[in-house]
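Here's the structure, in structure tokens; my notes come after.
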Amino acid sequence: MAKLNVNGRVIDVQVEDDTPLLWVLREQLELTGTKYGCGIAQCGACTVHVDGVATRSCAMPVSAFDENQKIVTIEGLSPDSSHPIQQAWLALDVPQCGFCQSGMIMAAAALLAATPRPTEQQIRDEVTNICRCGTYNRVLAGIQRAAGTAGAAG
Amino acid sequence: MNAITKPSRRRLLGTAVAAAGAFTFGFRFPAPSKALAQGAAAPATPEINAWVVVQPDETIIIRIARSEMGQGTLTGLAQMVAEELECDWSKVTTEYPTPGQNLARGRIWGNMSTGGSRGIRDSHEYVRKGGAAARMMLIQAAANAWGVPPAECRAANSIITHTPSGRTTTYGAQAAAAMRLTAPAAADVPLKDPKDWKLIGQPVARLDTRAKLNGSQVYGMDLKLPGMLNAAIHACPVFGGTVAAVDSAETERMPGVKRVVRVGDYAVAVVADTWWRAKKGLDALKITWNYGQHANASSAAFREVMVQGFDAPQAAVGNRNGDAPAAIAGAARKVEAVYGYPHQNHACMEVMNATAIWTPERCEVWTPTQNGEAAHAATAEAAGLPPARCEVHKIHLGGGFGRRGAVHDWVRQVVDIAKQMPGTPIKLVWTREEDMLQGRFHPVTMAKMTAALDAQGNLTGLHMRISGQSIVAGIFPQNIRDGRDPVVFQGLNASGGEADIGYTFPNLLIDHAMRNPHVPPGFWRGVNLNQNAVYLECFIDEIAHTAGKDPLEFRRSLMANHPKHLAVLNAAAARAGWGTPAAAVNGLAVHRGLCVTHGFGAYVAACAEVSVTDAGEVKVHRIVAATDPGYAVNPQQIAAQVEGSFVYGLSAALYGECTVKDGRIEQTNFDTYPVMRMVDMPKVETIVAPTGGFWGGVGEPTIAVAAPAVLNAIFAATGKRIRQLPLQQADLRRT
């Protein structure tokens with residue numbers, strides 16, 4: 001039993017306390033945009049925002065959360081894919097298979113919220129999500145485009 | 001939550017598919033229940049022909065037989081149909097025909113296999129003809145309505161114009177009439193001259209991006225059917241082992257657990273209401289395994305087996321001219337080196353998964369697959385039903401890289417589970433650990449390279465003895481003839497246009513002593529080109545240095561008969577600035593390395609710029625890549641594939657290794673199987689240089705040039721030759 005604040009709604013969920021937030025989102029709340037990739041907080045496919053901070057939800061038990069923590073998933077990032085990161089991703093055709101991109105977009109959006117004009121090195125250091133298709137250069141360019149630093153010296 | 005109770009069979013499937021497909025943008029699943037009910041014969045929507053559906057609202061649905069797994073084939077294939085169709089590109093959407101429909105219609109969509117970088121290069125002609133035939137039928141319908149000869153009409157942007165009168169109509173208005181016309185014979189469907197292409201060759205945006213930005217793209221793992229249960233599975237970690245006993249008492253008491261089932265003789269699955277509960281139940285099982293005859297196998301022991309293959313008298317010949325052994329025996333100077341390439345896991349971001357529903361009458365599977373027809377065959381076999389009573393619904397793949405193509409082990413598993421619970425939809429999702437342990441691995445091989453030089457330092461002969469694993473022997477053993485696996489010589493062939501060597505040697509022998517470990521092999525993006533390019537291109541570099549020659553000039557001296565190889569090599573070298581010093585980065589000297597190869601029908605080359613610190617840390621700063629795929633359907637997507645290929649290829653070069661101990665793979669997740677992240681990513685400059693006249697693939701060939709270019713640059717930087725991948729095992733500290 002847990003009370004969660006997800007995408008602006010407070011929801012009761014009936015699960016064992018040790019259920020990772022990821023699986024509550026995917027199975028109880030049917031928010032399947034957040035992905036399972038590794039289960040050990042290595043790959044970042046499960047990244048959501050918790051009070052604005054990029055958080056890997058696969059290794060966080062639901063018992064670690066209460067209704068005062070605002071959880072935002074990819075489905076709640078913007079109502080119409082209008083977040084600057086989503087717009088930049090669209091303009092640059094960033095995704096390939098796309099499986100990691102929910103987490104990648106959430107990580108990028110959290111970075112920009114904390115650091116609106118990150119340097120190239122900050123982006124490389126902060127966005128550590130794994131993409132096996134290899135979209136990293138477009139992810140980098142997409143963040144720079146959204147931050148308005150595209151073309152600036154890194 | 002779904003509140004459907006006791007749905008009819010048809011209702012259930014229709015609902016399920018609506019749930020799966022309705023919230024994807026611009027991508028629809030043909031309705032499978034209808035198709036199945038009619039013997040898998042009916043397409044989802046009235047069609048002009050198998051490739052094109054035109055709806056009254058002017059929507060153009062283009063059918064795509066190959067699988068989209070990120071490589072952009074969906075967009076590229078649609079561009080090719082639309083080029084000849086002359087439709088309004090902004091109205092184009094796509095759908096997958098099912099393997100069951102393909103079977104029922106005599107394979108009207110051809111081969112559905114999506115591997116070997118073949119999506120576009122193997123189907124370009126018939127998909128363009130599909131678009132052209134549909135255009136001819138739409139024009140004929142308009143001409144009939146107007147009572148004019150079709151030759152007086154032309155089509156552009158979905159609008160048909162009767163040129164003499166200026167009358168116009170639209171594809172949507174003519175679709176119903178066009179559908180009733182007899183299709184022209186393929187021989188009577190001319191195709192445009194490539195110089196007249198308007199859409200092919202354009203960097204149009206992908207058709208499948210939007211759904212990947214907001215979580216709405218449905219992957220196999222995301223599927224939910226009414227009444228569905230979830231399964232997690234453990235197979236014996238030692239390949240070839242079996243289940244001896246299972247103590248499931250604790251698991252069966254756990255919340256949500258419905259069943260514990262055996263899968264074949266080698267695996268156990270837990271079925272529960274949610275996947276997380278299934279996984280917890282799986283963790284609580286006490287399984288006793290019979291590890292079998294490979295319980296003590298190790299990578300170290302197998303390396304000895306491969307080394308023994310270097311001097312084995314029996315070896316299959318892949319390429320031979322002159323008498324290399326004699327040239328080597330009489331050489332003024334010999335160069336020798338031993339190289340090795342490890343097992344690697346594909347590590348798709350989306351782990352293996354599938355959903356199945358089985359009844360004694362029929363079986364349906366939903367799965368991300370690179371080969372719908374192979375998945376369909378695996379389904380039928382596992383279901384114990386004729387193929388006509390089975391169907392597979394392809395779902396967008398969270399990565400493929402070859403893992404989801406030739407072998408459908410996870411499909412067989414889910415059908416086996418579903419068969420034990422008739423009528424209940426079962427979704428099987430592997431853990432990452434299962435995915436790592438139960439891979440179909442990049443083959444492990446080694447090569448002994450020997451070159452002969454004369455007194456002037458000219459190369460007079462080369463012997464390349466490959467020893468090690470054959471993918472074909474593991475997957476299609478019926479294709480092995482006289483111990484020879486033809487695919488093992490990828491990039492080394494004398495001719496064929498598919499994967500040819502780019503040099504002419506006075507005397508040459510390339511042969512393979514097949515040595516197969518118990519670890520099952522798979523086609524791994526780039527396949528055998530990966531290790532062959534390392535062996536040949538690093539050794540060519542070694543010979544050049546031994547002979548005191550510039551690596552580029554030395555290569556050029558052997559490439560007079562290979563102009564397309566030479567052109568991409570020259571393009572990459574020139575753009576990178578070969579021959580002029582690279583600018584230092586953060587006070588570190590930057591060095592360059594080259595590689596050129598030919599695979600999957602395309603010519604590719606790379607020049608890497610690398611620095612190495614005194615502490616031995618390697619940094620790849622920039623890679624210039626050149627590719628000649630013959631025709632470039634979408635240059636933007638080719639650039640994306642080249643960039644991505646360096647990530648996959650450099651992940652392999654820097655980190656990729658699966659080792660065997662006690663018969664099992666030791667690496668279990670991304671903590672023990674690291675892959676490249678953004679911090680490692682070099683700048684990539686892509687030169688797309690299509691020369692026309694042939695069709696080459698782009699999804700794979702560039703993978704193979706990543707490692708050799710970097711290894712050659714590391715040698716230039718350090719004087720150290722790395723001959724065993726991955727790089728993380730090498731000590732590059734300056735001493």
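Residue numbers start from 1 in every chain, and the chains themselves are labelled A, B, ... in the order their sequence lines are given, proteins ahead of strands. Computation of the quantities below employed the complete heavy-atom set of this structure, encompassing side-chain atoms and omitting hydrogens, waters and symmetry-equivalent molecules.
- Ranked by heavy-atom pairs shorter than 4.5 Å toward chain A, the options B:D273, B:L397, B:L650, B:D222 are led by B:D222.
- Looking at heavy atoms from C-beta onward, B:Q79 lies in side-chain contact with B:N634 at the 4.5 angstrom threshold.
- Side-chain contact check for A:C131 versus A:R138: every heavy-atom pair is 4.5 Å or farther apart.
- Salt bridge annotation for B:E434-B:R432: absent, with no cationic side-chain nitrogen under 4.0 angstrom from a carboxylate oxygen.
- Take A:D51 and apply the salt bridge (charged side-chain N to carboxylate O under 4.0 Å, His left out) test, not counting sequence neighbours, and it matches no residue.
- Options A:A45, A:C100, A:G37 differ in how many heavy-atom pairs under 4.5 Å they form with chain B, and the most are formed by A:G37.
- Salt-bridge formation is detected for the pair A:E16/B:R277: a Lys NZ or Arg NE/NH1/NH2 atom is positioned less than 4.0 Å from an Asp or Glu carboxylate oxygen.
- With a 4.5 Å cut-off on side-chain heavy atoms, A:K70 and A:V50 do not count as touching.
- By number of non-hydrogen pairs under 4.5 angstrom with chain A, the leading residue of B:D680, B:D671, B:V351, B:V429 is B:D671.
- If you look at B:W276 and A:Y36, their ring centroids are not closer than 6.0 Å.
- Side-chain atoms of B:M352 and B:R404, non-hydrogen and from C-beta on, do get closer than 4.5 Å to each other.
- The residues A:E30 and A:R26 are annotated as not salt-bridged, no charged nitrogen and carboxylate oxygen being separated by less than 4.0 angstrom.
- For B:D435, no part lies under 4.5 angstrom from a heavy atom of chain A.
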Practice prompt. Would you check, one step at a time, whether the test side-chain contact (heavy atoms from CB on, under 4.5 Å) holds for B:R525 with B:S645?
Written response: CA-CA 9 Å; B:R525 192 178 182 191; B:S645 290; 3.5 Å; yes
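- Of the atoms belonging to B:M681, heavy atoms from both backbone and side chain fall under 4.5 Å from chain A.
- B:S651 touches chain A through its side chain: at least one heavy atom from C-beta onward sits under 4.5 Å away, while N, CA, C and O do not.
- Interface residue B:L213: backbone and side-chain heavy atoms are both found under 4.5 Å from chain A.
- In this structure, no portion of B:P674 lies under 4.5 Å from any heavy atom of chain A.
- Among A:G33, A:G98, A:S102, the residue with the largest count of heavy-atom pairs under 4.5 Å with chain B is A:G98.
- Within residues 79-97 of chain A, the residues having any heavy atom less than 4.5 Å from a heavy atom of chain B are, in residue-number order, A:S81, A:Q86, A:W89, A:L90, A:L92, A:D93, A:P95, A:Q96, A:C97.
- Between chain A and the residues B:M676, B:M436, B:Q71, the most heavy-atom pairs under 4.5 angstrom are made by B:M676.
- The choice from A:M104, A:E75, A:K35 that makes the most heavy-atom pairs within less than 4.5 Å of chain B is A:K35.
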I'd like to know whether B:D208 forms a side-chain contact (heavy atoms from CB on, under 4.5 Å) with B:H396, so could you lay out the CA-CA distance, the side-chain angles of the two residues, the decisive distance to 0.1 Å, and finally the verdict. CA-CA 10 Å; B:D208 57 344; B:H396 193 85; 3.9 Å; yes
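- Heavy-atom distances place the side chain of B:F401, and not its backbone, under 4.5 Å from chain A.
- Interface remark: A:I105 contributes side-chain atoms only to the contact with chain B (heavy atom separation under 4.5 Å).
- At a 4.5 Å heavy-atom cutoff, B:K279 makes no contact with chain A through either its backbone or its side chain.
- Put simply, the side chain of B:E68 reaches to within 4.5 Å of the side chain of B:R206, judged on heavy atoms.
- Residue contact with chain A, scored on non-hydrogen atoms closer than 4.5 Å, involves the side chain of B:Q637 exclusively.
- Between A:F99 and B:Y219, the gap from one ring centroid to the other is short of 6.0 Å.
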